[in-house]
Amino acid sequence: MDNQVLLSVNQLKKHFPIRKGVFGRVVNHVKAVDGVTFDIHKGETLGLAGESGCGKTTVGRVILRLIDGAEGEVRFADSRNLLDLSQKEMRAYRKRMQIIFQDPYSSLNPRMTVGSAISEPLKIFKLYPEKSARRKRCIELLESVGLGEEHLNRYPHEFSGGQRQRIGIARALSVEPEIIIADEPVSALDVSIQAQIVNLMMDLKNEFGLSYLFIAHDLSVVRHISDRIAIMYLGRIVEFAPTKTLFSIPKHPYTRALLEAIPVPDPNARKERRLLEGDVPNPINPPAGCSFHTRCPYRFDPCDKVEPRLTPIGDNQVSCHLYDSKYNDTIPETILNLAPPEGAQS
Ligand code: SF4
């Protein structure tokens with residue numbers, strides 16, 4: 001990983017309007033993404049994790065402008081704000097930023113052979129204009145993802161889920177992107193196949209010097225591939241840390257609950273679990289103060305009134321009042337007795 005920032009996202013917001021009546025009057029908004037900020041360095045994999053509905057998929061799609069109408073800034077290398085570009089101007093960046101989708105089957109056209117699916121982006125971006133060179137390139141790409149020439153003329157339905165995801169990766173790689181946004185790339189696959197695809201993505205990253213934004217709800221998968229991890233809750237990042245730090249010293253109560261929920265493969269292993277209570281609140285009307293306060297076992301006086309800000313605490317950035325020295329003397333004894341997250345005021 002190098003120090004050069006490749007993708008910079010600043011205060012990204014995407015609120016989807018809710019319309020009602022014959023005239024489609026906007027009556028409210030779903031705050032899917034509500035002020036997300038992060039950088040991805042060249043050669044880095046940033047994991048973006050959280051429960052379903054936290055807004056992580058919307059972040060990926062807004063960055064690539066597959067969803068329009070967002071606010072904030074997205075800069076690729078030294079580009080202008082991508083959110084201000086026309087779709088025509090975005091074309092140049094689409095070659096440099098690719099996406100791998102969750103469902104490898106629906107992301108491939110069932111009527112196109114694998115060869116046509118992989119060579120389509122090459123035609124769109126006018127790469128390898130000679131048919132024979134294009135074919136050679138497709139074979140190289142298939143080989144780089146563990147498939148081969150014999151698969152060129154087959155159709156998507158002839159492949160397993162894992163093979164289809166390999167085809168999706170080959171297609172994304174065809175235009176030699178610098179960053180790939182992988183949106184839940186393994187969650188539709190069997191566990192044994194998940195490991196193969198994640199390992200393949202790690203090998204390709206080293207081989208082609210790629211960067212990834214790896215979006216997933218399964219923290220054990222995110223841990224395997226990511227250099228740093230951002231945890232999202234209700235459209236916001238609540239904790240951000242290098243992978244090793246996040247797993248050894250989770251600071252935000254939500255991160256801690258997510259880690260405690262990861263199954264341990266040893267039936268004899270005893271694990272203290274504090275399972276999350278309640279459902280994720282409605283993103284149309286997120287709770288006041290800390291959006292996690294309705295489910296947080298550590299909540300105390302300011303939590304339902306004052307919104308915490310993402311603040312550096314050691315190697316982590318955390319959005320939680322437990323770490324705010326201003327509230328040092330007001331954390332109740334009962335909360336401290338709950339064994340507060342590592343590093344909280346005591
Ligand atoms: Fe829990 Fe309060 Fe921290 Fe929110 S700010 S995570 S409610 S302790």
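Keep in mind it's a predicted model, so treat the numbers as computed, not measured. For ligands, and for the atoms within them, numbers begin at 1 and follow the listed sequence.
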### Query
Which atoms of ligand 1 are found less than 4.0 Å from any heavy atom of Tyr298?
8 (S)
### Query
Nearest heavy-atom pair of Ser226 and Leu46: which atoms, and what distance?
OG-C, 4.3 Å
### Task
Give a yes-or-no answer on whether the side chains of Thr113 and Asn153 include a donor-acceptor pair shorter than 3.5 Å.
no
### Message
Once you restrict to heavy atoms under 4.0 Å, what part of Pro253 touches ligand 1? Side chain, backbone, both or neither.
### Response
side chain
### Query
By number and element, which atoms of ligand 1 are closer than 4.0 Å to a non-hydrogen atom of Cys296?
1 (Fe), 6 (S), 7 (S), 8 (S)
### Query
With under 30° as parallel and over 60° as perpendicular, where do the rings of His29 and His15 fit, or are they tilted in between?
tilted
### Message
Taking 4.0 angstrom as the limit and counting only heavy atoms of Cys320, give me the atoms of ligand 1 inside it, by number and element.
### Response
3 (Fe), 5 (S), 6 (S), 8 (S)
#### Entry: Modelled atom types, side-chain donor and acceptor of Thr255 and Glu239, under 3.5 Å
yes
### Query
Below 2.8 Å, any N, O or S contact between Cys290 and atom 4 (Fe) of ligand 1?
yes
### Task
State plainly whether the residues Glu89 and Arg80 are in salt-bridge range, i.e. N to O under 4.0 Å.
yes
### Summary
Of all protein heavy atoms, the one nearest atom 5 (S) of ligand 1 is His321 N, 3.3 Å
### Query
Under 4.0 Å from any heavy atom of Cys303, which atoms of ligand 1 are there?
2 (Fe), 5 (S), 7 (S), 8 (S)
#### Entry: Asn316 vs His252, side-chain hydrogen bond (donor to acceptor under 3.5 Å, both in side chains): CA-CA, chis, key distance, verdict
CA-CA 10 Å; Asn316 308 38; His252 196 281; over 6 Å; no
### Numbering as shown, the atoms of ligand 1 that approach His252 to under 4.0 Å (heavy-atom distance)
6 (S)
